[in-house]
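First the structure, in the form of structure tokens, and then the observations on it.
Residue numbering restarts at 1 for every chain, and letters A, B, ... go by the order of the sequence lines.
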Amino acid sequence: MKKKTGNRFLGLTLSGLMVLGLTACGNSAGGDNGTADQPAKEETAAQGTETSSDEKIVLDVINYHVGTDYAAEYYAYLFEAFQQTEEGKNVEFHFEEIPTTDAFNQKIKLLISSGDLPDIVFNGGNNITELAAKSGKVADLTPYFDADPDWEALFDETSLEFNMVDGKIYGVPVSKEISYIYYNKDLFAQAGIEAPEVAYADWNAFFEACDKLKAAGITPLGMDTADSGWLTNLWMSALIGTNGEAGNQWMNSMYPTEFNTPEVVAAAETVQRMFQEYTTADAVGGKYDPMATHFFNGEVAMFPNGPWMIPDFSETEKAPEGFYDKVGIMLMPGKGMEMVPTPGDMVGASEEEKIKAAVDFLKFETKPENQIKALEMTGLQPVSNGLEIPETLIESDPLMAQVLEIQDQAEVTYGQNQAYWYQNTIDTFSTELPELAYGNITPEEFCNKLSESAKKNQE
Amino acid sequence: MKKTPQGVIYAAKVAKYLFLIFFTLIAVGPILWAGISSFKTYAEINSSALSWPSSFRLDNYRAAFQYAPIARYFLNSVIIVGISVLVTVVLVAMCAYIISRFRFTLKTLIVLLISASLMLPAQAISQPLFAIFQKLHIFDTKAGLIIVYSAMGIPMSFFVMVSYYKTISTALEESAYIDGASFLQTFLCIILPLAKPGLVTIALLQFINTWNEFYFALMLTSGDSARTVPIALNYYMGTFANNYSALFAAVVMTVLPTILLFVILQKQVVESLTAGAVKG
């Protein structure tokens, strides 16, 4: 009995010590608020959202750029730098951190319906602009654009239109999303292929190169199906978007409901062939990270993605040393490139003073210098056209500079499913891809399933 | 009686151990895998799920603390889950006893209401809860989450306990009353000790459900003071930048104390589960 009690006591002490250890380590690293590298995270300016006693304007922000998010460091810089400006010196931020965009989108939808939006509303990938605007809980920013023509001139018409609801601007676009193909120069050389300067003339030339790679024992393409099938989505969008005027128009339309068009069926047929002949065995059921590792490890020759992947090429945790120099960039066959405007950040404040402070922050966020800074730190593409790229970037990050250069040579641009399709259709795409890949369903049946799913949104 | 051949006994023994090893592996495998993965690099994790780490370095554990307020969220979890388990067990133990033993006017209505709350999806009640909690000033507090978790745990635990009380013979209570015990004495000294296995079961169920709960922990909090471990784990899953190495390290750190505690108290748990057996 004594022994039993002794063991129990020893065990409980051990557990207690582990918990204490965990706490002690946590405090030393991150303090009460945890994340050590998140400045200004402290619940600044006392509590709540009112103007504090020393006349500071307190802005509530829900920030999902935290933890391991690719832009966490950049946004930490941005908030701090804004407070050093004339417009921001009297502003303090009251942060709520929500890691991951999925969690952020869940919460922001609840806050839209309850009317408790933060003063600055980031747009977390899912396009919530229309939902927020129709709820009447976000500010109409048109007067602020009208009053500042220099600011308005930073954005092209498409980007602003993408953020309009009923003719009023509600979102400030902060970047553009683009994607193209990364290729491994060494593997191309090994297969005796010379990569095109800009892009393969057409898909036939592209698949000829794939056959040569395959003949040299190299897996040509990176693909996936899980987590919305991001990589496969980029291939499929390119196949549709570069298939003549009809395909391009289709791939540029929002919320399509009819997928049984010749271009989409042809693309599905090609995707099926790509799964069966040109990709890794684990692509079916695979998700982005292991597929990216295949590319980093030189196991696949071509990988579709956007510029946010570039910092990973030189991160030795992920890719072997020197990998950055092995990577080349080309557009999709037919000089195609995915390019979609992004849903912009909004203002949820209702008091005039706060709206103005929030707009000042959004102006700061979209200043040309900060667009370049975002490009350098995160790979986010500037929303403004024709920004002057600093010489330092060309020297420090030649791939990123090449991205900026090559995108001007795109002759065909189109959207991609995660930006333009209904959410349930994106899910169907991901769940039905394995069936298509294994040949359990025909490309026509695959397209029918997408149509059925999309049409549910109109019932 | 014919003697069983030695070979058959030996084969049965081997089969028994193989069976036990198989289920032990199923139970322990994921934990071991997470433990091993917590020492691997991003590239090692993504290259092969079953490979051995190139070295046992602690960088991932350092990174786990760097990215997320894991320690604070862990302590919040311990407090919130601990109290909600206690509240659920105490309330359900009393409520289920009354429902299982007595007849009264509103009994059917009460049971119906409790059953109905089982059907409510979290998403349907999140907005009203959000508004009520703000009005009551319990938004973003541990007390708020304890109330929600206890309330969510009550219906399922209630039905488990009602069924359990029904297995206890009423003759025991009648004997106690004949011997002069009061209602409270009968409940506390006769029924509750016999109901220990049921109570341990609902405590475990409640613990598992609330320890892993994510949705309300996200919706009903806005700062670090009441957020729990599932949210901390999301910090390692950023857009285009998952840090699985740090994630596994965080999982190991948050799961290990709980497992250790369970291993230590295992005897008590098993004893509680079998304590209800009425000896003939």
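- Residue B:Tyr42 forms a side chain to side chain contact (heavy atoms under 4.5 Å, CB included) with just one option from A:Thr316, A:Asp312, A:Asp289, and that option is A:Asp289.
- Between A:Lys318 and B:Glu44, none of the side-chain N atoms (NZ, or NE/NH1/NH2) sits under 4.0 Å from a carboxylate O, so this pair counts as no salt bridge.
- In this structure, no portion of B:Ile45 lies under 4.5 Å from any heavy atom of chain A.
- In this structure, no portion of A:Ile62 lies under 4.5 Å from any heavy atom of chain B.
- Of all non-hydrogen atoms in B:Ser222 and A:Glu96, the two that sit nearest each other are O-CG, 3.0 Å.
- Of all non-hydrogen atoms in A:Gly67 and B:Tyr67, the two that sit nearest each other are O-CD2, 3.5 Å.
- Between the CZ atom in A:Phe104 and the CG atom in B:Leu218 there is a gap of 11.0 Å [rounded to 0.5 Å].
- For A:Met377, the CE atom counts as densely surrounded, since its 6.0 Å shell holds more than 12 non-hydrogen atoms of other residues, nucleotides or ligands.
- Judged purely by distance below 3.5 Å, without hydrogens or angles, the side chains of B:Tyr215 and A:Gln106 never pair a donor atom with an acceptor atom.
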| request: For salt bridge (Lys or Arg N to Asp or Glu O under 4.0 Å), just list the numbers for A:Glu317 and B:Arg57, CA-CA rounded to whole Å, side-chain angles, deciding distance to a tenth of an Å, and then say yes or no. | output: CA-CA 13 Å; A:Glu317 259 284 294; B:Arg57 57 215 188 105; 3.2 Å; yes
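- B:Ile231 contributes atom CD1, which lies 11.5 Å from atom CD of A:Glu97 (distance to the nearest 0.5 angstrom).
- Neither the backbone nor the side chain of B:Tyr61 has a heavy atom closer than 4.5 Å to any heavy atom of chain A.
- The candidate with the highest count of non-hydrogen atom pairs below 4.5 Å against chain B, out of A:Ile98, A:Leu111, A:Leu110, is A:Leu110.
- One distance of note links NZ of A:Lys109 with OG of B:Ser126; it measures 12.5 Å at 0.5 Å rounding.
- With a 4.5 Å cut-off on non-hydrogen atoms, A:Asp282 does not touch chain B at all.
- Among the candidates A:Thr68, A:Thr100, A:Asp69, the single residue satisfying the side chain to side chain contact (heavy atoms under 4.5 Å, CB included) test with B:Met237 is A:Thr100.
- Taken to the nearest 0.5 Å, the CD1 atom of A:Ile112 stands 11.0 Å off from the CD atom of B:Gln127.
- Between A:Asp116 and B:Phe130 the shortest side-chain heavy-atom distance falls below 4.5 Å.
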